[in-house]
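Naming convention: chains lettered A, B, ... in sequence-line order (proteins, then strands); numbering from 1 in each chain. Heavy-atom basis, side chains included; hydrogens, waters and symmetry copies ignored.
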Amino acid sequence: MKTPKRYTITSALPYANGPVHIGHLAGVYIPSDIYTRYLRARGADVISVCGSDEHGVPITITARREGVTPQQVVDKYHGMIKEAFERFGIAFDVYSRTSSPRHHRTASDFFRRLYDQGDFIEQTTEQYYDPEAKQFLADRYITGTCPRCQNERAYGDQCEKCGSTLSPTELIDPKSAITGAAPILKETKHWFLPLDRYEGFLREWILEGHKEWKPNVYGQCKSWIDGGLLPRAVSRDLDWGIPVPVEGAEGKVLYVWFDAPIGYISATQELFEQRGDPDGWKPYWQDDETKLVHFIGKDNIVFHCIVFPSMLKAHGDYILPENVPANEFLNLENDKISTSRNWAVWLHEYLAEFPGKEDVLRYTLCANAPETKDNDFTWRDFQARNNNELVAIYGNFVNRALVLTEKYFGGTVPPVGPLTEFDQQTLAELAGCKRLIEENLEAYRFREALRELMNIARLGNKYLADTEPWKVAKTDLDRVATILHVALQITANLALASGPFLPFTAGKLFGMLGADKFAWDRLGAADLLPEGHRLGTPALLFEKIEDSVVEAQLAKLEATKQANQAASATVAPQKETIQFDDFAKMDIRVAQVTAAEKVEKTQKLLKLTVDTGIDTRTIVSGIAEHFTPEQMVGKRVLVLVNLAPRPLKGIESQGMILMAETPDGKLVIVSPDGEAPAGSIVG
RNA sequence: GGCGAGGUAGCUCAGCUGGUUAGAGCGCAUGAUUCAUAAUCAUGAGGUCGCCGGUUCAAGCCCGGCUCUCGCUACCA
C-alpha cells in the first residue's frame with residue numbers, strides 16, 4: 001500500500017471476566033499504543049479503537065457462581081479494565097463495550113446481511129436441553145461422569161481432571177448445571193459460516209499477498225488453511241448475548257467470536273456519534289486507502305486472520321487488515337500467567353503499589369516484549385531495567401544537562417559558537433535517530449525502536465564525557481556554552497522521541513525544558529531550543545528501585561504459589577455412597593506386566609501385555625509420560641479385569657491398570673506388598 | 001503423533017537473498033572521570049550460533065535426521 005490516507009488501529013478486546021495484567025499490556029496494548037501515538041505525532045489521520053468483550057459462556061458462569069447477573073459481572077470488569085488502561089496512558093480514541101445497544105444493533109445487522117445474502121449454512125442437530133430451566137445447555141453447563149476417567153464432575157466440553165476433550169453426549173449421567181435436572185436431547189437449529197468457501201480467497205490474500213506478515217502469524221495461517229477449513233457455528237443456545245436476528249431463533253444468540261470483532265466497528269461508530277458525525281466511521285472501515293491494523297496476542301490469530309476477514313469478505317463492504325502483528329505470550333517469573341491461579345501482576349495492583357511509575361512498566365514491558373517468542377517477566381529484570389537504564393542512562397543524562405546549564409548559565413539555553421568536528425559528528429548521529437526509530441516502528445519492531453530511543457540518551461552521556469564542560473568551564477566559558485547548547489538539543493530530542501513510548505516522562509521532560517511539544521518531523525534537529533530560551537524547573541525523572549521492593553513482590557508471588565499448593569493439596573471429597581454389590585461387581589486382580597511398548601503416534605499411550613492369572617491380555621494405558629516401557633516390564637500391578645474393552649488407537653484395551661494420582665498429577669503404581677500370585681482377587 | 005513458531009555470549013535479543021576475525025544492550029572485569037540519582041566514559045573477558053550428517057570454494061543462514069521449549073491439534077484409563 002502506498003502512503004495510506006488514514007489508519008484504523010484496533011487492539012484485542014479484553015474479555016470482561018477478570019482484570020487485565022502485564023501480559024495483556026506487553027502483548028497488545030503497549031505496542032498498539034506506541035504505534036498509535038507515533039502516527040498521531042506524525043500528524044496522521046488515525047483512530048485507535050478498543051472495548052470490552054462482554055458476551056460468552058464464561059461470563060454467565062462467573063455470574064452464576066457469584067450470584068449476580070452477567071451484566072453486573074461485565075460492568076465491574078469493564079470499569080476496572082477501562083480505568084487501568086487510562087491510567088497507563090493507553091490512548092484509545094474510544095473504549096467501548098459489546099453489551100452496548102449500538103454494538104448489538106451493528107452486530108445484528110451484520111449477521112442479518114450475511115443471512116440475507118445466503119452466506120450461512122443452516123443445520124439442525126440434537127443438543128441437550130434442560131426441561132426445567134426451559135433452555136438449551138451450553139457444553140459448559142452440563143456436568144456428568146467422564147467416560148474416560150470416571151471423574152463425576154466433568155464438563156460437557158472437557159474433563160478437567162484427565163484433560164480430555166469431550167462432547168456433551170459422551171458424558172455418563174449428564175446433569176444440568178443450572179437445575180441439576182437430567183437434560184434431554186432436543187433438536188436445535190444453528191447457523192454456520194462455511195469457512196471452506198473462503199479458502200481460495202484466504203490463500204491468495206494471506207499466503208500470496210501478505211508474505212511480509214510476522215513468521216508466527218503467517219505460519220499459523222498457512223497451517224490452518226492447508227489443514228482444510230470447516231464450517232464454523234456462529235450461533236449458540238444461550239440467553240446472554242446478541243439475539244440471532246432471524247425468525248424462529250428465539251433463545252439463540254450470536255457466538256461471541258462472531259460478535260466480538262464487529263465490536264471494533266461499533267466502537268468506531270460510537271466514536272463518530274460522539275463527534276457528531278454519525279457517518280464519519282465509514283471511511284475508516286470501508287475505504288481502500290485506509291490501513292487497518294489489528295494488534296492481538298497469538299491466541300487470537302485464527303479469529304483475526306481467518307474468521308473475521310472471511311466475515312468481512314462475505315459482507316462485501318469492508319476493507320481487510322493490512323497487517324496483524326500478533327505477539328507471543330509473556331510469562332511471569334518462569335511460570336505461565338494464569339488468572340485462575342492468580343499468577344499475574346494485575347495492573348490495578350501495580351498502579352496502587354507503584355504510583356507514578358507507569359512509564360517504568362511501559363518501558364520494561366516494551367524492552368522485553370514477546371515479539372518473536374514467549375518471554376519472561378521477572379521483578380529482578382524490572383529492577384535492573386529501571387536502575388541501570390532508566391535511572392542511570394536516561395534520567396542521569398537529562399539531569400546532568402539541566403544541572404550544568406543551571407550552574408553555568410542560570411537555566412537559560414546558552415548561545416552556540418563554532419562547532420568542533422566532534423560536535424558535528426554527534427549532531428549527525430542525532431539526526432540519524434529519526435529514520436531508525438521510524439523504520440523500526442513501521443515494521444512493528446518495538447523493542448528495537450525503544451533501543452534507538454535509549455541511544456539518544458547514550459549519545460548525550462558520551463558527548464558530555466568527551467567534551468567535559470565542567471573542566472572547560474575553568475578556562476573557556478564560550479566553549480561551555482556551545483557544549484551545553486548541544487547537550488540541551490539532545491535532551492529536547494530525547495523528549496520528543498520519548499512521546500510514543502514514555503508519554504508521562506515525555507510530558508515531565510517537556511515541562512522541565514519549559515517547552516511545548518515539537519512536531520515529530522523536527523526529530524533530529526539541532527535547533528529545537530533557541531538561544532536564550534528559559535528552561536523550567538529540573539526534577540528527577542526516575543528513582544532507583546530498592547531490593548526490598550523487589551523482594552516484597554517476590555514474597556507476594558511466593559505466597560500465591562503456596563496458597564495454590566495448599567489448594568491443590570486438598571484431598572478430593574468422598575464420592576457418593578455405593579452399596580457392597582456395586583463394589584462386588586468389580587473384578588480386580590493382581591497381575592504382572594510381561595511386555596510394554598509405546599503406541600505409535602501417540603504421546604501418552606503405552607501398550608502393555610499383562611499376565612492376569614486368568615489369561616494374558618493387552619491393556620492400553622495413558623501413562624507414557626510417567627513411565628517408560630522398560631520401567632513397566634516386570635512390575636506387579638492391580639488390574640480391573642472386567643472393564644468393558646475399549647479400542648484405543650486401533651488397539652483393544654482389555655482392562656484398566658489401577659494407579660494412584662497425587663494432587664500435583666503424578667502417577668504412582670499400586671502394587672501388592674508381599675507375595676500374591678497373578679490372578680489373586682483384590683477385594 | 002501431525003502442524004506452526006523458537007533454540008545465537010550469564011540475561012534479553014540483532015544477524016538482509018550463504019562470503020572477511022559472529023554483533024548490540026544489560027551484567028561482569030580493569031582503567032579513566034567526578035557535572036550527575038556511586039550515575040558516566042573507555043577497554044576487555046566471555047559464544048564448537050541445540051545435536052548429528054549432507055550440499056557448497058564458502059553455512060548461524062540451504063537440505064535430511066534427531067533433540068528441547070511454547071502454541072494449535074490428535075490422543076490420553
Using the C1' atom as the point on both nucleotides, what is the distance between A42(B) and G4(B), in whole Å? 46 Å
Between G47(B) and A22(B) - P atom distance, rounded Å: 12 Å
If a stem is a run of at least 3 consecutive Watson-Crick or G-U pairs, both distances under 3.5 Å, which stems include RNA chain B? B:1-7 with B:67-73, B:10-13 with B:23-26, B:28-32 with B:40-44, B:50-54 with B:62-66
What integer distance in Å separates N375(A):CG from C70(B):C1'? 12 Å
Partners of R636(A) by side-chain hydrogen bond (donor to acceptor under 3.5 Å, both in side chains), sequence neighbours excluded? none
Testing U40(B), A14(B), C26(B) for proximity to the side chain of A465(A), the answer is U40(B)
How close or far is atom P of G71(B) from atom CD1 of I301(A), stated in whole angstroms? 13 Å
Pairwise P distance for U12(B) and G53(B), with rounding to whole Å: 29 Å
G18(B) to C63(B) separation - C1' atoms, rounded to the nearest Å: 13 Å
Please enumerate all residues that pass side chain to side chain contact (heavy atoms under 4.5 Å, CB included) together with K336(A), with sequence neighbours excluded. N331(A), R341(A)
Return the value, rounded to whole Å, for the distance between atom CD1 of I456(A) and atom P of G25(B). 16 Å
Expressed as a whole number of Å, how far does the P atom of G19(B) sit from that of G10(B)? 25 Å
So P469(A), base contact, sugar-phosphate only, or nothing? Heavy-atom distance under 4.0 Å. nothing
Lys/Arg-Asp/Glu bridge criterion (N-O < 4.0 Å) met for E328(A), K373(A): no
Interatomic distance, D299(A) CG vs C70(B) C1' [rounded to whole Å]: 13 Å
